[in-house]
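Reviewing the structure listed below.
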Amino acid sequence: MASQQDELKHRITTKSQQNEPQQTEQHTKSAHDNDSKTNKNINKSTRKQIAKRGLKSLTIALTIPLLLTLIDISLFGSSYQYVSMEKPFWFPRLWALHLACLGSSLLMGLSAWLVWAEGGFHRQPIAMLLYLSQLGLSLAWDPVVFKAGATRIGLVLCMALFGVLIACFRAFKNVNPIAGDLVKPCFGWAVLLSLANLKLVYH
């Protein structure tokens, strides 16, 4: 009888020992699955936070220059002299100048945001200075030319704007090629501005 009991205990112990590695393996697998789910949830939450910050920064990058340009146009963008003088049919009208100015403001804002997102302003602080310079020159043109009537100074501003846009294109392209490409249409706006300025000088 004692022998049977000892044999039974031996069998139970042996079976328990055989099942223990399987239980340990299942527990390890379950813990690994839980860790994977937790990591996925954390990564998903992190991506959402990054996306929200990116959208917020993009909105700011586009809104601020566009708002400044709209204020500039509303305060200084009217010119009876420019509207009333005779112009060829292909010559830019005042509304076209304003529309091109707004478009350029949006493109430069988006381009600058792409550079910022790549960390370009930290690596090349001159890129930020160039962006702010072109924004300042574009905002200065209306009050200088239309309000003050300083058309020759306006030409100087146009030449400076061309130079700054070229520098922006090179600096931005080194950080992000798409940002550099977005600067290219802004040269067309600078050409329109120069044509309008020349017409006012030699009117």
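In this chain, numbering begins with 1 at the start of the sequence shown.
Ile166 and Met159 are assigned to two separate hydrophobic clusters, defined by single-linkage of ILVMFWY side chains at heavy-atom distances under 4.5 Å. Linking ILVMFWY side-chain heavy atoms closer than 4.5 Å, directly or via other members, places Val115 and Ile60 in two distinct hydrophobic clusters. In terms of hydrophobic clustering, with Ile, Leu, Val, Met, Phe, Trp and Tyr side chains grouped at heavy-atom distances under 4.5 Å, Leu66 and Leu62 are assigned to a common cluster. Val164 is connected to Leu110 through a chain of hydrophobic side-chain contacts under 4.5 Å among Ile, Leu, Val, Met, Phe, Trp and Tyr, so both are in one cluster. A continuous path of hydrophobic side-chain contacts links Met128 to Ile178 [ILVMFWY only; heavy atoms under 4.5 Å].
Of all heavy-atom pairs spanning Gly120 and Val175, the tightest one is CA-CG1, 3.8 Å. When all heavy atoms are compared, the tightest approach of Val145 to Thr151 is CG1-CG2, 4.3 Å. Across every non-hydrogen atom of Leu192 and Ala100, the tightest pair is CD1-CB, 4.0 Å. When all heavy atoms are compared, the tightest approach of Tyr82 to Arg93 is CE2-C, 4.1 Å. Considering every non-hydrogen atom in both Gly109 and Tyr131, the closest pair reads CA-OH, 3.7 Å. The two residues Thr69 and Cys101 make their nearest non-hydrogen contact at CG2-SG, 3.5 Å.
The side-chain heavy atoms of Met108 and Trp113, taken from C-beta on, include no pair separated by under 4.5 Å. Between Lys147 and Asp142, every side-chain heavy-atom pair lies at or beyond the 4.5 Å cut-off. No side-chain heavy atom of Asp72 sits less than 4.5 Å from a side-chain heavy atom of Leu68. The shortest distance between side-chain heavy atoms of Leu102 and Ile73 falls below 4.5 Å. Contact of the Leu99 side chain with the Trp95 side chain is registered, since non-hydrogen atoms from C-beta on lie closer than 4.5 Å. With contacts defined as side-chain heavy-atom distances shorter than 4.5 Å, the pair Ser194/Leu155 does not qualify. Residues Ser138 and Trp189 have side chains in contact (heavy-atom distance under 4.5 Å, counting atoms from C-beta outward).
The structure places CD of Gln124 at 12.0 Å from CD of Glu118, a figure rounded to the nearest 0.5 Å. Rounded to the nearest 0.5 angstrom, Leu130 CG and Leu165 CG are separated by 10.0 Å. One finds the CZ atom of Phe169 at 9.5 Å from the CG atom of Asn174 (value rounded to the nearest 0.5 Å). If you take CG on Leu161 and OG on Ser133, they are separated by 10.5 Å, rounding to the nearest 0.5 Å.
Summarising the local packing, CG of Leu132 is surrounded by more than 12 heavy atoms from other residues, nucleotides or ligands at distances under 6.0 Å. Summarising the local packing, NZ of Lys173 is surrounded by 12 or fewer heavy atoms from other residues, nucleotides or ligands at distances under 6.0 Å. A 6.0 Å sphere centred on CG of Leu106 holds more than 12 heavy atoms belonging to other residues, nucleotides or ligands. Remark: Arg152 CZ is loosely packed, at most 12 non-hydrogen atoms of other residues, nucleotides or ligands lying under 6.0 Å away.
Using a distance-only test at 3.5 Å, with no hydrogens or angles considered, no donor-acceptor pair links the side chain of Asn176 to the main chain of Phe172. With Ser111 contributing its side chain and Leu107 its backbone, the two residues share no donor-acceptor pair below 3.5 Å.
Classified by interplanar angle (parallel below 30°, tilted 30° to 60°, perpendicular above 60°), the ring pair Phe162/Phe187 is parallel. Relative ring orientation between His98 and Phe146 is described as perpendicular, the plane-to-plane angle rising above 60° on a 0-90° scale split at 30° and 60°.
Under the 6.0 Å cut-off for aromatic ring centres, Phe76 and Trp141 do not qualify, their centroids lying 6.0 Å or more apart.
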